[in-house]
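Start at 1 with the first residue, then count along the sequence. Please read all numbers here as calculations on a predicted model, not as lab measurements. Counting starts at 1 for both ligands and their atoms, following the listed order. Worth knowing before you read on, the calculation uses all heavy atoms, side chains too, and leaves out hydrogens, waters and symmetry mates.
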Amino acid sequence: MSKQRTIMLTGGRGMVGSNVRERLAGSDWNLLAPSHSDLDLLDAEAVHDYLAVHRPDIIIHSAGLVGGIQANIANPVAFLDKNLVIGRNVIMAAYEANIEQLINLASTCVYPRSALNPLSEDMILTGELEPTNEGYAIAKLMALRLCQYVNRERGKACFKTIIPCNLYGRHDKFDPARSHLIPAIIHKVHHAKLNGSKVVDIWGDGTARREFMYAGDLADFLYRALNNFDTLPDLTNVGLGHDFSINDYYAAVAEVVGWTGEFSHDLSKPVGMKQKLASDAKQAAWGWAPKTSLKDGIQKTYDFYLETLNK
Ligand SMILES: NC(=O)C1=CN([C@@H]2O[C@H](COP(=O)(O)OP(=O)(O)OC[C@H]3O[C@@H](n4cnc5c(N)ncnc54)[C@H](OP(=O)(O)O)[C@@H]3O)[C@@H](O)[C@H]2O)C=CC1
Ligand SMILES: C[C@H]1O[C@H](OP(=O)(O)OP(=O)(O)OC[C@H]2O[C@@H](n3cnc4c(=O)[nH]c(N)nc43)[C@H](O)[C@@H]2O)[C@@H](O)[C@@H](O)C1=O
């Protein structure tokens, strides 16, 4: 009989982490998902001691300070400092404890702002970063490179990094000061419907493009990666392979929510990258593709939003 394998999931109460926990429910994996209050990842000694005691077979590192464009602009110090320290602590503790397998989560903000789309993994560190989330991106780049250096020293690919595109889904954050685009639209359009408002504001002119994947699909990718770690590429984008304009996302949410008003454009708001579409060549070669359509994903996210309002 084979030994039950143990996974440590950081950020297990966050959006990605909660979707991963739901995906793992009923599986053979023994899951360790310490909450922020159980284990503060800013505390290097605590992380070191935790790994020395628990010795997981694999770590999914999904914790961090995460937020939309406005939160990143408002708090560059925290986004750089906290993510740098958390990334360093988790990866170095895993290195020192000789943990065999780790999956580190980066983000498409690691790509240069002027790189040609679709963005392929070999474009990393070839140009200037997008200023609206530069601090966050520098922290993510540090963690990505640290994983690659561990692999170089060990002579094998033990610590792998995935680069998800923008994500949304159940367990998302809907607070306008922190939220990413899709939860922000759900919150705005739901309230417009509730209050009988005829107009909703879109930040910017709405022509910027984003690739938003349903977080349940990322959990599905990670589940496959856990069970096929050896074939998972050392560094790979994870995404849809196509994108939509900001205006398209507003229209899609309005349809799901059932609101029929009009949109105006607030040109004083930050827009960030004009486009950040990740190449899906590596993930496709690995044999994986997301399954959730934009409409289904928005519907599930809206249902979750309504559940949280009623709690
Ligand atoms: N959301 C997105 O669009 C994208 C996310 N990613 C990456 O995916 C990962 C998960 O993101 P997501 O789930 O959206 O983010 P969330 O903010 O939903 O979750 C992050 C989690 O990290 C925890 N955390 C933060 N600081 C600490 C700490 N000091 N010690 C312990 N736990 C801590 C948070 O706990 P608490 O809330 O209690 O502080 C929270 O549970 C991140 O690495 C992110 O960069 C990549 C691409 C896109
Ligand atoms: C995942 C990625 O996410 C962040 O980058 P971002 O993609 O720019 O983030 P966003 O989801 O907040 O915005 C996407 C687009 O949407 C437009 N937009 C319109 N109207 C609203 C609106 O009401 N709210 C928000 N937030 N955006 C809006 C907004 O102007 C922008 O053009 C990084 O900071 C970092 O976290 C990171 O790596």
Does any non-hydrogen side-chain atom of [Y] lie less than 4.5 Å from one of [X]?
X: Asn237; Y: Cys165; result: no
X: Lys188; Y: Val253; result: no
X: Asn83; Y: Met142; result: no
X: Met8; Y: His54; result: no
X: Asp280; Y: Trp288; result: no

Using a 3.5 Å cut-off on N or O atoms only, is [X] in polar contact with ligand 1?
X: Ser107; answer: no
X: Gly17; answer: no
X: Lys140; answer: yes
X: Gly12; answer: no
X: Arg178; answer: no
X: Leu65; answer: no

So which heavy atom in the protein is nearest [atom], and how far is it from that ligand atom?
atom: atom 31 (C) of ligand 2; result: Val271 O, 3.3 Å
atom: atom 18 (O) of ligand 1; result: Met15 N, 2.8 Å
atom: atom 9 (O) of ligand 2; result: Ile69 N, 3.7 Å
atom: atom 27 (N) of ligand 2; result: Trp203 CE3, 3.5 Å
atom: atom 15 (C) of ligand 2; result: Ile246 CD1, 3.6 Å

Which part of Leu181 is near ligand 2, with near meaning a heavy atom under 4.0 Å away: side chain, backbone, both or neither?
both
How does Asn133 reach ligand 2, by side chain, by backbone, by both or by neither, if only non-hydrogen atoms under 4.0 Å count?
side chain
Below 4.0 Å, non-hydrogen atoms only: which portion of [X] touches ligand 1? Side chain, backbone, both or neither.
X: Lys82; answer: neither
X: His180; answer: side chain
X: Asn83; answer: neither
X: His61; answer: neither

Before accepting this row, confirm whether a basic side-chain N of the pair Arg154/Glu100 lies closer than 4.0 Å to the acidic partner's carboxylate O.
no
Strictly below 4.0 Å, N to O, side chains only: are Lys276 and Glu130 in salt-bridge contact?
no
Run down the list [options] and name the one with the heavy atom closest to [atom].
atom: atom 12 (P) of ligand 1; options: Leu41, Val16, Val110; value: Val16
atom: atom 46 (C) of ligand 1; options: Ala106, Ala46, Cys165, Gly11; value: Ala106
atom: atom 6 (P) of ligand 2; options: Arg209, Arg210, His180; value: Arg210
atom: atom 26 (N) of ligand 2; options: Gly68, Ser179, Gly206; value: Ser179
atom: atom 36 (O) of ligand 2; options: Gly67, Pro164, Pro183; value: Gly67

Output yes when the distance from some N or O of ligand 2 to some N or O of [X] is under 3.5 Å, and no in every other case.
X: Tyr136; result: no
X: Gln70; result: no
X: Met273; result: no

Return yes when [X] approaches ligand 1 closer than 4.0 angstrom through a heavy atom, no otherwise.
X: Tyr136; value: yes
X: Lys173; value: yes
X: Leu39; value: yes

Can you tell me if [X] contacts ligand 2 (heavy atom of the residue under 4.0 Å from the ligand)?
X: Pro270; value: yes
X: Glu130; value: no
X: Cys109; value: yes
X: Lys140; value: no
X: Tyr250; value: yes

With heavy atoms of [X] as the reference, note each atom of ligand 2 found under 4.0 Å away.
X: Ala184; value: 22 (C), 23 (O), 24 (N)
X: Lys188; value: 22 (C), 23 (O)
X: Lys276; value: 2 (C), 5 (O), 6 (P), 7 (O)
X: Asn72; value: 33 (C), 34 (O), 35 (C), 36 (O)
X: Ser107; value: 37 (C), 38 (O)
X: Phe212; value: 11 (O)

For atom 37 (O) of ligand 1, decide whether some protein heavy-atom distance is shorter than 4.0 Å.
no
Run through Leu9, Ile60, Asn227 and flag the one making a side chain to side chain contact (heavy atoms under 4.5 Å, CB included) with Leu222.
Ile60
Is atom NZ of Lys82 surrounded by more than 12 heavy atoms (other residues, nucleotides or ligands) closer than 6.0 Å?
no
For Phe174, does the CZ atom have more than 12 heavy-atom neighbours from other residues, nucleotides or ligands under 6.0 Å away?
yes
[X] and [Y]: side-chain donor and acceptor closer than 3.5 Å?
X: Ser197; Y: Asn195; value: no
X: Thr207; Y: Asp205; value: yes
X: Thr260; Y: Lys193; value: no

Evaluate the criterion side-chain contact (heavy atoms from CB on, under 4.5 Å) for residue pair Ile69 and Thr132; output intermediate values, then yes/no.
CA-CA 6 Å; Ile69 188 168; Thr132 53; 3.9 Å; yes
Parallel, tilted or perpendicular, judged at 30° and 60°: which one describes the rings of Tyr302 and Tyr305?
parallel
Please work out whether the ring planes of Phe212 and Tyr168 are parallel, tilted or perpendicular, with thresholds of 30° and 60°.
perpendicular
Leu294 and Ala252 have their tightest heavy-atom pair at CD2-CB, 4.0 Å
Shortest non-hydrogen contact from Ile99 to Pro56?
CD1-O, 3.6 Å
Would you please indicate if the ring centroids of Phe221 and Trp286 are separated by under 6.0 Å?
yes
Pair Asp28, Arg5 - check salt bridge (charged side-chain N to carboxylate O under 4.0 Å, His left out), show working.
CA-CA 8 Å; Asp28 289 340; Arg5 300 187 76 221; over 6 Å; no
